[in-house]
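Keep in mind that the numbers below use all heavy atoms, side chains included, and drop hydrogens, waters and symmetry copies.
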Amino acid sequence: MIMNNGFVPVATASPRTRVADPMANAELCCDAIVRAANAGAKVVALPEVVLTSYIADDMLYHDIVLDAAEEALAHLVAETAKLDVVFSVGLPLCVNGKIYNTLAICHAGEIMGVVPKTYIPTYGVDFEGRWFSSGPADVTYITVAGQEHVPFGSHQVFRCRQMPQLCLGYEICEDIWSPDPPSIHLALAGATIICNGSASNASLEKDLYRRSLISGQSARLLCCYAYCSSGQGDSTGDVTVGGQEIIAENGSILAQAEPFGDGFAIADVDVESLWGARRGMSSFHVEPTPQYADYHETMFDMTIPDHPLMRPVSKQPFIPADEKMRADCCSLAVTMQAHGLAARVGAQNADHLVIDTTNSSVTNTALAMLAVARFYDLERPAVPDMYVAISQDVQNGQSANVKLIEQLADALGLPLATLASAQAAQQDTAQSSPEHPVLDIQELIGDTSWLIVNPSDMTQLALGLVQFPFDLGRQYGINSQIAHTFVPVILRQYAQECAEGNLQTLLGAICDADDELHIPEHDTVSMSESAELGPAIVEDFYLDGFLRAQYRPAKTFALAKQAFAGEYGEHELLVWMKAFYERFFGSQFLRHSLPDGPRIGSAGLDLRDGFMMPTYAQSTLWMNEVDALLNAAAK
């Protein structure tokens, strides 16, 4: 099993440097590295030319400053030799008579490599071309800070022997702003964590742009991008520099420090999942080896012990955390459902539409009804007859949820119908009316003019809690790609945007109804007697870990412990996890051929959604690991 479940603690720091005082700055850098190491960091990124400060300007022409920078680097490397931390520190370095803006990559008393800056800005407030030359790509060997045969060149990566998924690449400030950033080629050579030591000045809205730039680059390259800018010591009377720390992973910002703030950020980076994401994207062409891509690879040894996770873990991974994004996604989901339904109705030439509520929860039924109502608005000139069909058995029970469905149908202008067996339908024909007909199940199956809307959601399908009781060719799984926990969120957003007060109140009551997951009375999935179904929020968490992230049980459990700390105990989480895997594998045969449904999110349970799971896949590996976790937790 990979160390620490594939999580690598990464830190960025921006010391408040002194201009042209390398030894003092080395002490500040040492303090920052020790702070990061004490916090658990294994990779630490420091800013551009931090040993002299970025604003040393023409002082860089003086040998005394350049020599002092190398002496300071030697001192820093010696002071941190006992730390099992890879750190990068910026310094100006004179090589063969020319000065280069470089990062020295160091570990355990060794300078493993020196990476020069490729793109030298000489515009705006930057005048680097006055002092620095663009660094070479090809790697040669130099002597620096008393160490010989040190690789020098931008085409370098640094890989951990014990965790090959941990592969480091480096670029400097302007490099990422260029049209062809070195980070692109670093990622294609195998780098999963790319660090950028920078000295970017502050200006209004620039911090927002940097955040977007770093986040976007991490998403584009399926990597972690760790960015740190010079601290406040690099400010002048006319240009302010306040430091900015950003640690982003595949588009998500894990940790950050605002400009003019603490100048420190730390987060656990999931390098194992970054490898997994690259495996799953056929258009991401990583070279077979760094050497094949003409990159020099330096190997290092590192131990990463298990530790409490330092990264945000959402309890609801299927629901966007950002409020505006969440609102936009909710509105778009209903629109996509309506347009998908319109396409299916048109292709089938369906004249009749029925929402089957037989095996559906009240929230799922409500969402299907909203989507059908939106479809009605889209297709009003050619809309087919439509009904909300309530099973006769359920209707006779007159449960509170049935009342809510009936009230919502009335509010949306959707007529009700009773769904019954052939014999019951014949007996009730006399009581049937055009406004409230009795529909014969067998007749629906045999009549191609009918389209049956099934409201079952993705979570229910994943756990084998529902079936498709009718002919699949007549069905449309309108909620089949929406997680159970996301359904009430969409309903509440719809209510918030709705101008009609009665509908708002009704949707609120529907969302407040008991809508947890329940194992059906006649369960078709083989379950052990001790298996117990967990809350929907936990089951969706496990579903995301398996379906989108491909986590093994131990990793899912580590994340679940953090996400649900204080709510559920370890034993509960593991018991529910075991039930999840048992039901997911045991119900795959039910999902082998799902009816059409609109693709809403980034995950689905069918081949059309990009999910190809063998019908008879065995759960042995997963169940054994859960059992081992249960045994360990019991000790």
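Between Trp275 and Thr192 there is a side-chain heavy-atom pair separated by less than 4.5 Å. The shortest distance between side-chain heavy atoms of Ser230 and Ser53 does not fall below 4.5 Å. Put simply, the side chain of Ile176 reaches to within 4.5 Å of the side chain of Gln217, judged on heavy atoms. In this structure, Glu249 and Ser273 have side chains that are not in contact, with every pair of non-hydrogen atoms separated by 4.5 Å or more. Cys498 is not listed as a side-chain neighbour of Leu507, based on a closest heavy-atom distance of 4.5 Å or more. A 4.5 Å side-chain heavy-atom check between Val49 and Phe132 finds at least one atom pair inside the cut-off. Here the side chains of Leu543 and Phe318 are in contact, with some heavy-atom distance below 4.5 Å. You'll find the side chain of Asp126 reaches within 4.5 Å of the side chain of Tyr54, heavy atoms only.
How far CG of Leu309 is from CG of Asp268: 5.5 Å, rounded to the nearest 0.5 Å. The structure places CG of Asn196 at 7.5 Å from SG of Cys228, a figure rounded to the nearest 0.5 Å. With values rounded to the nearest 0.5 angstrom, Leu28 atom CG is found 11.0 Å from Arg16 atom CZ. Arg279 contributes atom CZ, which lies 11.0 Å from atom CG of Leu274 (distance to the nearest 0.5 angstrom). Here Glu48 contributes atom CD and Ser200 contributes atom OG; the two are 9.0 Å apart, rounded to the nearest 0.5 Å. Here CG of Leu66 is found 9.0 Å from CG of Leu91. Values are rounded to the nearest 0.5 Å.
Closest heavy-atom contact between Thr80 and Cys30: CG2-SG, 4.1 Å. For Tyr295 against Pro182, the heavy-atom pair with the smallest separation is OH-O, 4.4 Å. Residues Ser229 and Pro47 share a closest heavy-atom pair of O-CG, 3.7 Å. Listed here is the closest heavy atom pair of Ala327 and Glu497: O-OE2, 4.3 Å. The minimum heavy-atom distance between Gln316 and Ile537, with the atom names listed, is CG-CD1, 3.7 Å. Shortest non-hydrogen contact noted between Ile172 and Gly197 is CG2-O, 3.3 Å.
A salt bridge does not link Asp270 to Arg311: none of the charged side-chain nitrogens sits closer than 4.0 Å to a carboxylate oxygen. Taking a cutoff of 4.0 Å between a charged side-chain nitrogen and a carboxylate oxygen, Arg492 and Asp512 qualify as a salt bridge. Between Asp262 and Arg35, at least one side-chain N (NZ, or NE/NH1/NH2) sits under 4.0 Å from a carboxylate O, which counts as a salt bridge. Here Arg130 pairs with Asp58 in a salt bridge; the nearest charged N to carboxylate O distance falls below 4.0 Å.
Within the 3.5 Å criterion, the main-chain N or O of Ala495 finds a donor-acceptor partner in the side chain of Gln504. Remark: the backbone N or O of Gly251 is paired with a side-chain donor or acceptor of Ser218 at under 3.5 angstrom. Here the side chain of Arg548 pairs no donor or acceptor atom with the backbone of Ser602 at under 3.5 angstrom. A distance-only check finds no donor-acceptor pair linking the side chain of Glu570 to the backbone of Phe557 [under 3.5 Å]. Within the 3.5 Å criterion, the main-chain N or O of Ala321 finds a donor-acceptor partner in the side chain of Arg326. Between the side chain of Glu171 and the backbone N or O of Ser183, at least one donor-acceptor pair lies under 3.5 Å. Panel note: side chain His307, backbone Pro305; a donor-acceptor pair is recorded below 3.5 Å. Judged purely by atom type and a 3.5 angstrom limit, Glu567 has no side-chain atom pairing as donor or acceptor with the backbone of Phe564. Between the side chain of Ser215 and the backbone N or O of Arg211 there is no donor-acceptor pair closer than 3.5 Å. Judged purely by atom type and a 3.5 angstrom limit, Gln493 has no side-chain atom pairing as donor or acceptor with the backbone of Cys330.
The number of heavy atoms from other shown groups lying within 6.0 Å of CG (Leu208) is above 12. In the displayed structure, Tyr61 atom OH is contacted under 6.0 Å by more than 12 heavy atoms of other residues, nucleotides or ligands. In the displayed structure, Lys561 atom NZ is contacted under 6.0 Å by more than 12 heavy atoms of other residues, nucleotides or ligands. Heavy-atom contacts from other residues, nucleotides or ligands closer than 6.0 Å to CZ of Arg220 number 12 or fewer. Residue-environment remark: CE (Met23) exceeds the threshold of 12 foreign heavy atoms within 6.0 Å. Annotation: Asp138, atom CG; neighbour count of heavy atoms from other residues, nucleotides and ligands within 6.0 Å does not exceed 12.
For the ring-ring contact (aromatic ring centres under 6.0 Å, His included) test with Trp576, the passing option among Phe541, Tyr542, Tyr568 is Tyr568; the others fail. For the pairing with Asp67, the side-chain contact (heavy atoms from CB on, under 4.5 Å) check across Ile64, Asp63, Val65 returns one residue only, Asp63.
Taking the six-membered ring where tryptophan is involved, the planes of Tyr170 and Phe158 are perpendicular, since the angle between them exceeds 60° and thus also 30°.
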Show the numbers, then the answer: is there a side-chain contact (heavy atoms from CB on, under 4.5 Å) between Leu93 and Ile142? CA-CA 11 Å; Leu93 191 63; Ile142 62 172; 3.8 Å; yes
Let's go through Thr303 and Gln162 carefully: what are the C-alpha distance in whole Å and the side-chain angles of both, what is the deciding distance for side-chain contact (heavy atoms from CB on, under 4.5 Å) to 0.1 Å, and is it a yes or a no? CA-CA 7 Å; Thr303 299; Gln162 293 75 17; 5.8 Å; no
Please evaluate residues Ser14 and Glu245 with respect to the criterion side chain to side chain donor-acceptor pair (under 3.5 Å), reporting the C-alpha separation (whole Å), side-chain torsions for both, the decisive distance (0.1 Å), and the verdict. CA-CA 8 Å; Ser14 299; Glu245 320 296 315; 2.3 Å; yes
Derivation and outcome, side-chain contact (heavy atoms from CB on, under 4.5 Å), residues Val538 and Glu572: CA-CA 10 Å; Val538 176; Glu572 283 180 303; over 6 Å; no
Step-by-step side-chain contact (heavy atoms from CB on, under 4.5 Å) determination, Leu213 to Trp177: CA-CA 8 Å; Leu213 179 67; Trp177 299 74; 4.0 Å; yes
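No side-chain N or O of Asn25 forms a donor-acceptor pair with one of Thr17 less than 3.5 Å apart. Side-chain contact, His107 with Asp301: no donor N or O sits under 3.5 Å from an acceptor N or O. Between the side chains of Tyr119 and Glu128, no donor-acceptor pair is found at a separation under 3.5 Å. Looking at Ser198 and Tyr227, their side chains do bring a donor and an acceptor atom within 3.5 Å of each other.
Geometrically, Lys42 does not engage Phe7 in a cation-pi contact, judged by NZ or CZ lying under 6.0 Å from the ring centre and within 45° of the ring axis.
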